[in-house]
Amino acid sequence: MQTTTTINKLHEHVDKTVTLQGWVYKTRASGKIAFIIVRDGTGLCQCVLERNEATEPFFDEAKKLAQESALTVTGVVKADDRSVGGHELSVTGLTPVHASTDYPITPKPHGIEFLMDRRHLWFRSQRQWHILRIRATIIDAIRRFYNDRGYVLIDTPIFAPAAGEGAQTLFPVDYFGDQVFLAQTGQLYLEAACMAHRNVYCFGPTFRAEKSKTRRHLTEFWMVEPEIAYASLDDVIQLAEDFICSIVTRVLKDHRDELVEIGRSLDDLEAIKPPFVRMTYTEAAELLRGPRVKEFLENDLAQKKTRVAELDKTIEELDAQAKGGGKQWQKEKAAAGAIEAREERSEITEQIANIPHHMELAANFEWGTDLGGSDETIISRLHDRPIFVTHYPASCRAFYMRGDRSDDRLVENFDLLAPQGFGEIIGGSAREEDYDRLLAKLKHENLPQDQYEWYLDLRRYGSVPHGGFGLGVERTVTWLCGLKHIREAIPYPRMMGKFYP
RNA sequence: UCCCCGAUAGCUCAAUUGGUAGAGCGAGCGGCUGUUAACCGCUAGGUCGUAGGUUCGAGUCCUACUCGGGGAGCCA
């Protein structure tokens, strides 16, 4: 008669008695009625506990159950719009499984350091819970995209020999007395598999030892890298565009409510349609140095200064309210508002301090150097669709990228920048298929040829035009969820100086 | 590696030009039958990151260090 079910299935059990197994998310209790919001891993449900004959044996105990206590609860499912999730449970039975006390993460605001030290608990909170579910969908969409198109999954090694693209940014590992490194890409290995299976991809963790402390860096992150044979740069770019569109479509299909819940604009994501913007590196360099960027940043600066002035006024008013007369809850609300306004002000003040530097970097951009993080952010902010930036100078790109046959200075590569300031999510290229050209590049970069003999074999035996790219999963999650920082896009972020929990 | 900012109660933050450390939340107790960050009353809670220095007097000023935040470089 009574069934155990989960919150996401409650709509199948309206007016029936069911049992839920979960944890206390929040409680509010009066003398003779208690509201327990239960989460069970599939959603939230308000359980209403009225003091009556049925509930008398456990009412007092239930009322005192603190946040994150585990419990099973039985009751009649009622459809109720007032309740989160649209259903609630009128409780007839309740069994505590584990009483929790002093759960550290309260419904009130916390600082980032506090939350990061408690990441293992933090992702029980709604916002984090939504983000990690969207992440899971994105990863599923990635796998399906390639599997459905007949790509063969090739797992590339995580222990890699010194030979890479630049050994200084790698994590060294002692390997039975030899030094190896944690892999920063599977690409070279993937190219070999590409010549065996034609269309392949690898998907796994990637490690970078760069000492970067910014909103877009992790030391350990997930990357998916497709590689396709008999392909030109245009083919690879087309693949990237189809790929991104399929991920966005899937996320919009499966997670509309969650996206709204975490404050992501659906309109912005629905605007992600082909064709994406395309520009060459040279065009990007001209854009950065030109009047459009200067004007954009000057406007940005002026707007931010206006905003700070507004916030100053708001803070003053709220402070006065918080100290003045009125109800206790009104004063509290004013105080909370003041804290929020101060946070926004300090964030914007920091941005204002950085703008002149970013303007200078953009205005003085020199052809031949790589686009900086701030340069990419500027280009990204000027668009509301992803931007392909192609044909970078060979001097600032890896040795394996295919030389542009019409201009020796360039390579056939691309970066894909997510719009609205989110920046780079993909880096890719056509690979140099010509043995002599590749060997010349190796020598030019002073790379040890003996370490790359196996790679050169790929150009000795049946070399064909081919190419691929790498997509950073966390950066994609950050973009699609509209996060301010990449650390929320992965369950256990690893950053410079951070590896607990 | 470099530049900027910060560290005050378990948490989030205040503390006028250097002059006796405060509020809210959380916790504990009591009250309230429809709450949505519930509300009302009471109670407990502090070596102001660490070490020096200036001063009659330092949370406040100076120096170094530790930890954290943002950015540059580098990158997905």
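Naming: A, B, ... by sequence-line order, numbering from 1 per chain.
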Nearest-Å distance once atom [atom1] is located in both [N] and [M]:
{"N": "U50(B)", "M": "U66(B)", "atom1": "P", "result": "15 Å"}
{"N": "A72(B)", "M": "G10(B)", "atom1": "P", "result": "36 Å"}
{"N": "G57(B)", "M": "G18(B)", "atom1": "C1'", "result": "8 Å"}
{"N": "G45(B)", "M": "G26(B)", "atom1": "C1'", "result": "11 Å"}
{"N": "U33(B)", "M": "C39(B)", "atom1": "C1'", "result": "14 Å"}
{"N": "G19(B)", "M": "G59(B)", "atom1": "C1'", "result": "13 Å"}
{"N": "U12(B)", "M": "A7(B)", "atom1": "P", "result": "13 Å"}
{"N": "A58(B)", "M": "G53(B)", "atom1": "C1'", "result": "11 Å"}

Decide side chain to side chain contact (heavy atoms under 4.5 Å, CB included) for Thr219(A) and Phe171(A); before the verdict, give the C-alpha distance in whole Å, the side-chain angles of both, and the deciding distance to 0.1 Å. CA-CA 9 Å; Thr219(A) 56; Phe171(A) 286 105; 3.9 Å; yes
Does the side chain of Tyr400(A) come within less than 4.5 Å of Ser429(A)'s, by heavy atoms? yes
[atom1] of [X] versus [atom2] of [N]: gap in Å, rounded?
{"X": "Asp117(A)", "N": "C11(B)", "atom1": "CG", "atom2": "C1'", "answer": "13 Å"}
{"X": "His357(A)", "N": "C2(B)", "atom1": "NE2", "atom2": "P", "answer": "16 Å"}
{"X": "Met495(A)", "N": "C74(B)", "atom1": "CE", "atom2": "C1'", "answer": "18 Å"}
{"X": "Lys304(A)", "N": "G71(B)", "atom1": "NZ", "atom2": "C1'", "answer": "13 Å"}
{"X": "Asp102(A)", "N": "A44(B)", "atom1": "CG", "atom2": "C1'", "answer": "14 Å"}

Is the shortest distance from a Lys or Arg side-chain nitrogen in Glu424(A) or Arg216(A) to a carboxylate oxygen in the other one below 4.0 Å? no
Counting any heavy atom closer than 4.0 Å, what does [X] reach on the DNA or RNA strands: base, sugar-phosphate only, or nothing?
{"X": "Leu471(A)", "answer": "nothing"}
{"X": "Ile105(A)", "answer": "nothing"}
{"X": "Gly373(A)", "answer": "base"}

Which nucleotide, [options], lies nearest any side-chain atom of [X]?
{"X": "Ile112(A)", "options": "C11(B), A76(B), G69(B)", "result": "G69(B)"}
{"X": "Ile33(A)", "options": "U12(B), C75(B), G34(B)", "result": "G34(B)"}
{"X": "Glu210(A)", "options": "U1(B), U33(B), C75(B)", "result": "C75(B)"}
{"X": "Arg487(A)", "options": "A76(B), G68(B), G69(B)", "result": "G69(B)"}
{"X": "Lys32(A)", "options": "A38(B), U33(B), A76(B)", "result": "U33(B)"}
{"X": "Glu113(A)", "options": "C75(B), C67(B), C74(B)", "result": "C67(B)"}

Test for a donor-acceptor pair under 3.5 Å between the base of [N] and the side chain of [X], counting only N and O atoms.
{"X": "Arg216(A)", "N": "C74(B)", "result": "no"}
{"X": "Ser212(A)", "N": "C74(B)", "result": "yes"}
{"X": "His110(A)", "N": "C11(B)", "result": "no"}
{"X": "Glu88(A)", "N": "G34(B)", "result": "yes"}
{"X": "Gln46(A)", "N": "U35(B)", "result": "yes"}

5' precedence on RNA chain B between Leu416(A) and Lys26(A) (nearest-nucleotide basis): Lys26(A)
Identify, between Lys64(A) and Glu50(A), the residue whose nearest nucleotide on RNA chain B lies closer to the 5' end. Lys64(A)
Heavy-atom closest contact (Arg397(A) atom, Glu445(A) atom, distance): O-OE2, 4.4 Å
Between [Y] and [X], do the side chains contain a donor N or O and an acceptor N or O under 3.5 Å apart?
{"X": "Glu412(A)", "Y": "His391(A)", "value": "no"}
{"X": "Gln128(A)", "Y": "Arg119(A)", "value": "yes"}
{"X": "Thr185(A)", "Y": "Glu225(A)", "value": "yes"}

Does the ring of Phe35(A) lie flat against the base of G34(B), closer than 5.5 Å centre to centre with planes under 30°? no
Just by modelled atom types, is the Gln126(A) backbone N or O under 3.5 Å from a matching donor or acceptor in the Tyr25(A) side chain? yes
Counting Watson-Crick and G-U wobble pairs with both distances under 3.5 Å, what is the dot-bracket string for RNA chain B, 5' to 3', using [ ] for crossing pairs and | for pairs to another strand? (((((((..((((.....[..)))).(((((.......))))).....(((((..]....))))))))))))....
May I ask you to verify if any side-chain N or O of His358(A) is less than 4.0 angstrom from the OP1 or OP2 atom of A72(B)? yes
Answer yes or no: does a side-chain N or O of Arg28(A) lie under 4.0 Å from OP1 or OP2 of C39(B)? no
Can you tell me which residue among Arg39(A), Lys26(A), Arg118(A) is in a salt bridge (charged side-chain N to carboxylate O under 4.0 Å, His left out) with Glu68(A)? Arg39(A)
